[in-house]
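First the proteins, then the strands, lettered A, B, ... as listed; each starts at 1.
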Protein chains: 2
Amino acid sequence: MIEEKKISMAVIRRLPRYFRYLSDLIKLDIKRISSKELSERMHITASQIRQDLNCFGGFGQQGYGYNVEYLYDEISKILGTNKRFSCIIVGAGNMGNALANYENFSKRGFDIVGIFDVNKEKIGTMINNIKVMHMDTLPEFVKAQRVDIAMLTVPNNKVNEVATQVTDLGIKGIWNFSPTDLRLGDDIIVENVHLSDSLMVLGYRLKESREGKNQK
Amino acid sequence: MIEEKKISMAVIRRLPRYFRYLSDLIKLDIKRISSKELSERMHITASQIRQDLNCFGGFGQQGYGYNVEYLYDEISKILGTNKRFSCIIVGAGNMGNALANYENFSKRGFDIVGIFDVNKEKIGTMINNIKVMHMDTLPEFVKAQRVDIAMLTVPNNKVNEVATQVTDLGIKGIWNFSPTDLRLGDDIIVENVHLSDSLMVLGYRLKESREGKNQK
DNA sequence: TAGATTGTTAATCGATTAACAATC
DNA sequence: TAGATTGTTAATCGATTAACAATC
């Protein structure tokens, strides 16, 4: 009850972008930046940057701007990149494979500790040094070690069942790759990656652009 | 110059959702639906549904609601699912592989006609019946057959170069999987899939939820 | 100090929701 | 016809942008 401010999703979804741009600035060896300069790089307004950052605290200094390294560290803390999240992948198909091989996740604090599938031929194999196990062994696995996030790359007709299964086991975070809007308990955090939605929007915009009425 | 209404991105991004829900209704053999019933299924307001649909036309009937099949067909037309888009994948890594194997895309009108990479060992192999070719052969390929969309699954430090390359060849649509905000010409449509952004937002929300200040 | 730039309040803009007349 | 539900206008809400006093 020290402080209670509600951060809007719009702001939250911009945080990783700030994080990326600041990380780039560090690579470029830039030490300080004003909201105006940053706004030009990011193609958003300086006002928005200052508003966004001030949801979390005053990280700048009048007349100077922001210290890049300091701001980067603060945003890292806000995003929780210092924390580690233990993740499992459910579904060892092509997308599950791709995720298991994505090296950047562990760099950001997301450790993949197990892969689960029902296909007998896959059980026991290794993907990027992570063991593929049978779904039946999931309960004992989750009992034996904490799992924060389940990444679901299962067929669409299985995703509701699997989501219920993993949340019943106490997993609170779902990264869902199925074209289904999961509806789970209030204490479950779901992030959806609807690839085909994204592709359809691309198709729509492309079609509209061709027809000349190019909307922002 | 017949009609000129600007559709907001917020509305456009909801179209694939309507499409999915209507497709489910058809499977359930439901013939008609009111905005109120649909709003309960989709967890959005009936007002929003009616506003959204009326951006494109009056598809309903007072006192009756919407004919499911008709509305589905209309939204399909709006989204352009009847059109076919010719696509290439650049980057035959894990994500490129996953995309090439994703059967749903062709169902939605997106045909993958070629995969390009620079890795000599991959050239000449087939992924899901699609030939992997060398990047050097991309110009002649694009000259020989129309390509609408380039799906970019290349390393982050290569994505700007590759994006320039493909847009110089006349490709107008980019589906970008790198954690980089591509900035290209006004006539180029870019859809980003920032997986690590999405995962970081999940991590943030999970952390906040644990600390009790669970924001919507 | 003077100039620059923040933090923050106020104004604007756009998107969502409510209301209701039109009409099937 | 009476009841239901749309299409659409008006009201509200929230997010973005502008402005500026505070201050480094």
Side-chain angles (χ1 to χ4, degrees), chain A residues 3-18 21-22 25 30-75 78 181 201 215-216, chain B residues 3-18 21-22 25 30-75 78 181 201 215-216:
Chain A
E3 45 178 333
E4 204 72 28
K5 25 186 175 179
K6 186 127 139 298
I7 313 291
S8 80
M9 265 297 169
V11 174
I12 293 168
R13 295 206 178 282
R14 280 193 292 268
L15 290 174
R17 266 192 95 216
Y18 290 121
Y21 276 85
L22 287 163
L25 289 174
I30 292 170
K31 300 297 184 195
R32 69 166 272 279
I33 195 156
S34 67
S35 59
K36 179 145 182 299
E37 286 171 303
L38 188 56
S39 79
E40 281 155 12
R41 281 174 181 271
M42 295 183 70
H43 296 267
I44 56 177
T45 64
S47 264
Q48 181 160 75
I49 292 174
R50 294 204 300 278
Q51 286 277 22
D52 283 357
L53 296 180
N54 276 86
C55 292
F56 303 98
F59 303 130
Q61 198 164 67
Q62 282 99 328
Y64 172 84
Y66 299 87
N67 177 295
V68 171
E69 195 120 19
Y70 173 69
L71 186 55
Y72 174 82
D73 285 346
E74 288 300 317
I75 290 184
I78 293 163
D181 303 319
V201 169
Q215 76 292 90
K216 173 49 190 333
Chain B
E3 46 178 332
E4 203 72 27
K5 27 184 174 179
K6 186 131 140 298
I7 314 290
S8 80
M9 264 297 168
V11 174
I12 293 167
R13 296 207 178 281
R14 278 193 293 269
L15 291 175
R17 266 192 95 216
Y18 290 122
Y21 276 86
L22 287 163
L25 289 173
I30 291 171
K31 300 298 185 196
R32 70 166 270 279
I33 195 156
S34 67
S35 58
K36 179 145 183 298
E37 287 169 301
L38 187 55
S39 79
E40 280 154 13
R41 282 174 180 273
M42 295 183 69
H43 295 269
I44 56 177
T45 64
S47 264
Q48 182 160 73
I49 292 173
R50 294 203 300 277
Q51 286 277 23
D52 283 355
L53 296 179
N54 276 86
C55 292
F56 303 98
F59 303 130
Q61 199 163 68
Q62 282 98 328
Y64 172 82
Y66 299 88
N67 177 294
V68 171
E69 195 120 19
Y70 173 69
L71 186 55
Y72 174 82
D73 286 346
E74 288 300 317
I75 289 184
I78 292 163
D181 303 318
V201 169
Q215 78 290 87
K216 172 45 189 338

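Distance from the side chain of Tyr66(A) is smallest to dT6(C) among dT16(C), dT6(C), dG7(D). The side chain of Arg32(B) has dT5(D) as its nearest neighbour among dT5(D), dT16(C), dT16(D).
Taking a pair to require two hydrogen-bonding distances under 3.5 Å in either a Watson-Crick or a G-U wobble arrangement, dA18(D) pairs with dT9(C). For dG3(C), the paired base is dC24(D) (Watson-Crick or G-U wobble, both distances below 3.5 Å).
Between the CD1 atom of Ile30(A) and the CD atom of Glu69(A) there is a distance of 12.5 Å, given to the nearest 0.5 Å.
In this structure, the CD1 atom of Ile44(B) is 9 Å from the P atom of dT17(C), given to the nearest Å. Between the C1' atom of dG14(D) and the CZ atom of Arg14(A) lies a distance of 12 Å, rounded to the nearest Å. Atom pair Ile49(A):CD1 and dT5(C):P shows a separation of 13 Å (rounding to whole Å applied). One atom, CD of Gln48(B), and another, P of dT5(D), lie 20 Å apart when rounded to the nearest Å. The distance between atom CD of Gln62(B) and atom P of dT23(C), rounded to the nearest whole Å, is 7 Å. Here dA4(C) presents its P atom at 11 Å from NZ of Lys36(A), a figure rounded to the nearest Å. To the nearest angstrom, P of dG7(D) lies 12 Å from CG of Asp52(B). Straight-line distance from the CE atom of Met42(B) to the P atom of dT16(C): 13 Å, rounded to whole Å.
A donor-acceptor pair under 3.5 Å is absent between the side-chain atoms of Gln48(A) and the main chain of Thr45(A), judged by distance alone. Using modelled atom types, one side-chain atom of Arg32(A) and one backbone atom of Tyr64(A) make a donor-acceptor pair closer than 3.5 Å. A distance-only check finds no donor-acceptor pair linking the side chain of Arg17(A) to the backbone of Asp181(B) [under 3.5 Å].
Taking each heavy atom of Asn54(B) and Gly58(B) in turn, the nearest pair found is ND2-CA, 4.1 Å. Of all the heavy atoms in Arg41(B) and Tyr21(B), the pair that sits closest is O-CE2, 3.7 Å. Closest non-hydrogen pair, Ile7(B) versus Cys55(B), comes out as CD1-CB, 3.7 Å.
When the nearest nucleotides of DNA chain D are assigned to Gln61(A) and Phe59(B) by heavy-atom distance, the more 5′-ward of the two goes with Phe59(B).
Neither OP1 nor OP2 of dG7(D) sits under 4.0 Å from any side-chain N or O of Tyr64(B). Applying the 4.0 Å criterion to OP1 and OP2 of dT6(C), one finds that Ser35(A) has a side-chain N or O inside that range.
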Pick out the pairs of N or O atoms, protein on one side and nucleotides 8-10 of chain C on the other, that lie under 3.5 Å.
| residue | atom | partner | partner atom | Å |
| --- | --- | --- | --- | --- |
| dT8(C) | OP2 | Asn54(A) | ND2 | 3.3 |
| dT9(C) | O4 | Gln51(A) | NE2 | 2.7 |

